[in-house]
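Remember, it's 1-based here, ligands and their atoms both numbered in the order they're listed.
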Amino acid sequence: MVCLWSFTLPTKIIFGADTLKRLKDCVDEIKPKKIFLVTGRSSMEKLGITSKIKSMLDYEIVVFNQVEPNPSDTTVDKGIMLCRENNCDLVIGLGGGSAMDAGKTIAILAENNGLTKEYLRKEKTIEHKGIPYIAVPTTAGTGSEADNAAVITDSEIKKKLVVRHDYMYPCFAIVDPELTMSMPRKLTAVTGLDALSHALETYWSKKANSLIEAISLKAIELIYHNLPNACKQPKIIYRENMSLASTLAGISLAIGTNVMHSISYPLTIRYGIPHGHACGLTIIETMTFNADAIPEKMKAIANITGTSDIHEGIENFRNMINNLGLPMRLSELGVDKNDIPLLAEESITRRLELNPKPIEPKDIEKILLNIY
Ligand SMILES: [Fe+2]
């Protein structure tokens, strides 16, 4: 049966090595009076990317370089104030998921009243279009450049929550794999596991349609064959394939994430485990948990690894992930075993309803114990 579906991607994606130079054309199309450039605290300056962009663009630019990893609502609120005070009429988000999600939220909420936390808690809804937003990723994983959502940490209740609206799609995404070449091995691995989680979760999601499945499966294939090499060798071809996988999985993120992301949030909030790493920890256990509910999809995933046997396919993914050089056990990451029931309880979010198999706190406890 072919299900009915519709899909709109309003973002113009410009992909390929050295496409950063196309940023000027995109900005010229928007013709802003003043640009608000949102970045992390120092890496973009250290790498010279901020100054490269400044010299490339003949526009007044206000730099907001205060975005921390897992950006908080208060940082975003500060950015919105500064963006409004300076009458900026274009936002560029430059960096990994944190800078891009913060930039995206600043762009939309600059034109919508209220505090960021009110939108995170669904006390307010987005009513107006934001100011134009351009995403320039410098990692390959988040997919934020191609989706309509931003994950921001509510600093009062200490939860990672989502703001999502179709007005939040970037107008342009410049995906230049050259910008990811300087990523160290660990960041490459961690962001790659984030992309793999997006691709797997959207592939098996209850909301998946034929288009999403095709896109996600291609992303899974690209990641399986390129992530280990991208971690080991600084060759552009592996970076290109990982950037492509990240953007493809980002397109699929229109239907949201589910199980690995739900379990990751308390691990990141309580133990500071980076987002992609926290998602990657449970990939193998959740594949195993879901397998009997989605045999055909799991066979397609196994096929990518050169086998038609589901369990062999899962083992091949386990080996691929274990070879990335990241600690993959909770006991190695400072997690207290006594916290597992609490972590399982805190993992319960509405997005779990999209997992193809019902999952309860006791199942999550088991998953966490298996990776302890
Ligand atoms: Fe993610």
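Ring planes of Phe317 and Tyr224: tilted class, angle from 30 to 60°.
The nearest N/O/S atom of Asp194 to the Fe ion (ligand 1) is OD1. The N, O or S atom of His261 lying closest to the Fe ion (ligand 1) is NE2.
Take Thr188 and apply the side chain to side chain donor-acceptor pair (under 3.5 Å) test, not counting sequence neighbours, and it matches Arg239.
Judged purely by atom type and a 3.5 angstrom limit, Asp73 has no side-chain atom pairing as donor or acceptor with the backbone of Leu120. Glu332 places a side-chain N or O within 3.5 Å of a backbone atom of Arg329 that can act as its donor or acceptor partner.
His275 contributes NE2 and His198 contributes NE2; the angle these two atoms make at the Fe ion (ligand 1) is 170°, rounded to 10°.
Coordination check, Cys279 versus the Fe ion (ligand 1): failed, since every N/O/S atom of the residue sits at 2.8 Å or beyond.
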